[in-house]
Amino acid sequence: DGGITQSPKYLFRKEGQNVTLSCEQNLNHDAMYWYRQDPGQGLRLIYYSQIVNDFQKGDIAEGYSVSREKKESFPLTVTSAQKNPTAFYLCASRLGGSWNQPQHFGDGTRLSIL
Amino acid sequence: AQKITQTQPGMFVQEKEAVTLDCTYDTSDPSYGLFWYKQPSSGEMIFLIYQGSYDQQNATEGRYSLNFQKARKSANLVISASQLGDSAMYFCAMRGTSGGYQKVTFGTGTKLQVIP
């Protein structure tokens, strides 16, 4: 079945360590997004990408980096510069070209500091 | 810049009653889209309903309807005949453009609890 796969489901980071969250979609969607969700809070946009090899910073990009080398993949790296990385991270994709297309979400990755 | 505001952090509703969840937005885009999503405690995001800025009629999807008032920049979600399974976080989101790129911004959400 088509969908978005995020891995791992749970991730632990040590001090000074970079970690990478995986996001893969087989929906043939053009646009992909990364959001951060803190407990009891809304979703804040980290990065988004409309096409391969192009991405834009969202509202809270500092301490994060992304790449979009393939249409189906949009990995997020949480760098050591992100001092408070503990959160729930959601990846989404969306079919471009029409205003009424909703985002499809993965099941999320919970990141914690060791 | 675009912004979504949800002013109700939490709401209670009696089972089988209707409930309205508020959403106001701010954007300078002439064309935009508004979405509502449901997030149960398990964490997945479920798409509920969409309203386009040029749609003449309010959107409806089963027990969900959207009270869209463009001049007031509001897009409130109405859930009719509430069920226990409706207990969840509800997010309003807006799709607009930023520097030519498609951007989707979410509000802070409303936690709805349905009381038996």
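So you know, we letter chains A, B, ... as the sequences are listed, proteins then strands, and number each from 1. Computation of the quantities below employed the complete heavy-atom set of this structure, encompassing side-chain atoms and omitting hydrogens, waters and symmetry-equivalent molecules.
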- Message: Could you walk me through whether B:R95 and A:R94 satisfy the side-chain contact (heavy atoms from CB on, under 4.5 Å) test, starting with their C-alpha distance in whole Å, then the side-chain angles of each, then the deciding distance to 0.1 Å, before giving a yes or no?
- Response: CA-CA 11 Å; B:R95 178 191 183 273; A:R94 185 177 176 280; 2.5 Å; yes
Count I, L, V, M, F, W, Y as connected when their side-chain heavy atoms are under 4.5 Å apart, and connections chain through other members. Are [X] and [Y] then in the same cluster?
| X | Y | value |
| --- | --- | --- |
| B:M94 | B:I49 | yes |
| A:I4 | A:L90 | no |
| B:F106 | A:I46 | no |
| B:L48 | B:M11 | yes |
| B:W36 | B:Y50 | no |

Tell me whether the count of non-hydrogen atoms from other residues, nucleotides or ligands lying under 6.0 Å of [atom1] in [X] goes above 12.
| X | atom1 | value |
| --- | --- | --- |
| B:K111 | NZ | no |
| A:K9 | NZ | no |
| B:K16 | NZ | no |

- Hey, are the side chains of B:K103 and A:Y48 touching, using non-hydrogen atoms and a 4.5 Å cut-off?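 Yes. Closest side-chain heavy atoms under 4.5 Å.
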- Task: Please examine the side chains of A:F105 and B:F47, heavy atoms only from C-beta on, and report whether any two atoms are closer than 4.5 Å.
- Result: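 SC-SC contact between B:F47 and A:F105 ruled out.
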- Select one option (side chain, backbone, both, neither) describing which atoms of A:L43 are under 4.5 Å from chain B's heavy atoms.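 Contact with chain B: backbone and side chain both.
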- Query: If you look at every heavy atom in B:G43 and A:F88, which pair is closest and at what distance?
  - Reply: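 Looks like O-CE2, 3.8 Å.
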- Might you point out which heavy atoms bring B:V104 and A:L45 nearest each other, and give the distance in Å?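 That closest heavy-atom pairing would be O-CD2, 4.0 Å.
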- Message: For chain B, which candidate among A:Q56, A:H104, A:Q101, A:Q41 shows the most heavy-atom pairs at distances under 4.5 Å?
- Response: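 It is A:Q56.
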Nearest 0.5 angstrom please: [X] [atom1] to [Y] [atom2], how far?
| X | Y | atom1 | atom2 | value |
| --- | --- | --- | --- | --- |
| B:K3 | A:D59 | NZ | CG | 11.0 Å |
| A:R44 | B:T108 | CZ | OG1 | 11.5 Å |
| B:F35 | A:N100 | CZ | CG | 7.0 Å |
| A:Y35 | B:F91 | OH | CZ | 11.5 Å |

- Query: Is there any residue in residues 73-86 of chain A with a non-hydrogen atom under 4.5 Å from a non-hydrogen atom of chain B, and which ones are they?
  - Reply: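 The stretch does not come within 4.5 Å of chain B.
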- Residues of residues 107-114 of chain A within contact distance of chain B, non-hydrogen under 4.5 Å: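 Residues A:D107 are the ones that qualify, each having a heavy atom under 4.5 Å from chain B.
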- Structural part of B:Q39 lying under 4.5 Å from a heavy atom of chain A: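 Just its side chain gets close to chain A.
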- Part of B:S53 lying under 4.5 Å from any heavy atom of chain A: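 Answer is neither: B:S53 stays 4.5 Å or more from chain A.
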- Who among B:Q51, B:M89, B:M45 has the most heavy-atom pairs with chain A under 4.5 Å?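 Max contact count across the listed options: B:M45.
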